Amino acid sequence: MAQNKKPEELRSYSWFGPQTMWGFSHRSRMLQLGFQREDFIGKPVIAIVNTWSEINPCNAHLRERAEAVKQGVWQAGGFPVEIPAFSTAETYMKPTAMLYRNLLAMDTEEALRSLPIDGAVLMGGCDKTTPGLLMGAISMNLPAIYLPGGPMLRGNWNGKPLGSGTDVWKFWADRCAGEISDEDWRSAENGIARSPGFCMTMGTASTMTAISEALGMTLPGASSIPAADSNHVRLAKDTGRQIVEMVWQDRKPSDIFSPAAFRNAITVDMAIGGSTNAIVHLVAMARRCGIDLPLPLFDEISRHVPVLANIRPSGEFLMEDFYYAGGLRALMSQIRDLLQLDCRTVNGKTMGENLEGARVINSDVIRDRTKPLMESGGTAILYGSLAPDGAVIKTVAADRRFWQHTGPAVVFKDYRDMEARIDSEDLQMDENSVLVLQNAGPQGGPGMPEWGMLPIPQRLLKRGIRDMVRISDARMSGTAYGTCVLHVAPESYVGGPLALVRDGDMISLDIPNRKLDLLVPEAELAKRRAEWTRPAASDQRGYIALYRERVTQANEGCDFDFLSRAAKPAAGRS
Ligand code: FES
């Protein structure tokens, strides 16, 4: 392998090489760990940044997988060190793991900056772990490669496949309607999560790992391999070997994250019918690279990219099926003409070279261009008087009856208010009403929780109603579905127009024309604006206080304003 770097030029050498007091100290502590000098001096020191945690079942196998990465690093002549990173466990963190994505990004960046590290293998999978790790690696800009944890096996209930999240929402709606027995409820609970790995629908985790591959940050085919498959172990070893070569070649995130790579990522996001959360994460990652991704770019790309992945919640199958059907490489091979194939990837090859030989094995799961799940437009960006800085809707998961809809608002001032009143008999509403949730945005939530799929009131569920128009400044789980307008910006907590909506106001949603309007005269809105006051926040301490003060709006990626810019090149020890 041709090397662009000499051993003495390694960043870690400035810790371990010098015959100084500090060099003595640094070497002696590695000897204390039982290593020989030749193990680590002049060798690429590889951080395995691991979001394993016993309370994060999606990443439960990553401790074991780190050992496979280490084998690969040793085999290639590197020196592996495993570094635990903050694990944003999606299921358990309240109010939302999104509140801590930026904390993981800071954790990653600062660990890589402060320690004698030459390159990093980033190990994640559960929703926010992928963007958090990538954002930190972008800012530090040391050679880095992403190892996706892989989706879990498909769920099983009475012989039927069950999908993470998506089937939970469906089962819950059916249970609220009185259609699911206690026994069936318990039996589904037993069968929905059968192995380590992240949610196996096309939720945020599967979307973000696919995006990491489309950006060029993983080995080819990495994002589709199920966590429990032995191919995943081999992938981990290959990833360990690859990062050592990347260090010698000095192949850094800044060589991979280009405007064209982001276009590829958005294109793939649309073709897989990806989670709306991807928009926020992609904007945040791009801004850290100094690249602007305006929301209309997502809409522009969405309009000419067909949805080809027939995966729940938009389609029928699950990620395990997607893998057997050929995986992401097969899907990308179907849209080669829409991709920029000359983008560089972590293995030094172009995206086009990595797609050579890829083919679809099952065209029910990965549809042909002539038979897409949707011709175009998996996601739409809306603007209008209710969302001057934009809002997002996953059209592929919305009932077509509501694509053009005008209805009276039923307003909840926050999530607790919604929980308390949604099933109240006093609430004046029917299926044509528009449910509005305020104060669930980046600052208001805080953290923009996934509250955007407001529940359908039980009395409507019992009448067979399963979708309504819902509008909020919150996000929605990638596994969820429905006519849910999300990410309304500016958010209500900072006085955006969403804060001014009152019960009975007419709201117009027009997806074909990308419009979202509050049909209230401007004079009345000006009066309400003058009367508006910011809701009191009860939890103003520590990290949450910092978050509320410095987080940007949804259309800006919800990053911290002091991190949301391109970083300086990584230096050695100082
Ligand atoms: Fe971890 Fe869904 S809960 S990916």
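Given the structure is predicted, the values throughout are model-derived calculations rather than measurements. Just so you know, ligand 1 is whichever comes first in the structure, and atom 1 is the first atom listed for that ligand.
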Are any of the side-chain nitrogens in [X] or [Y] under 4.0 Å away from the carboxylate oxygens of its partner?
X: R466; Y: D174; result: yes
X: E419; Y: R416; result: yes
X: D167; Y: K170; result: no
X: R288; Y: E109; result: yes
X: D559; Y: R550; result: no

Protein contact of [atom] - nearest heavy atom, named by residue and atom, plus distance:
atom: atom 2 (Fe) of ligand 1; result: C199 SG, 2.1 Å
atom: atom 4 (S) of ligand 1; result: D127 OD1, 3.3 Å
atom: atom 3 (S) of ligand 1; result: T91 OG1, 3.3 Å

Quiz item: If you count the atoms of ligand 1 from 1 in the order shown, which ones are under 4.0 Å from a heavy atom of A205?
Solution: 4 (S)

Practice problem: Enumerate the atoms of ligand 1 whose separation from the nearest heavy atom of C126 is less than 4.0 angstrom. | Solution: 1 (Fe), 3 (S), 4 (S)

Self-check item: Metal proximity, C58 vs atom 1 (Fe) of ligand 1, N/O/S cut-off 2.8 Å
Solution: yes

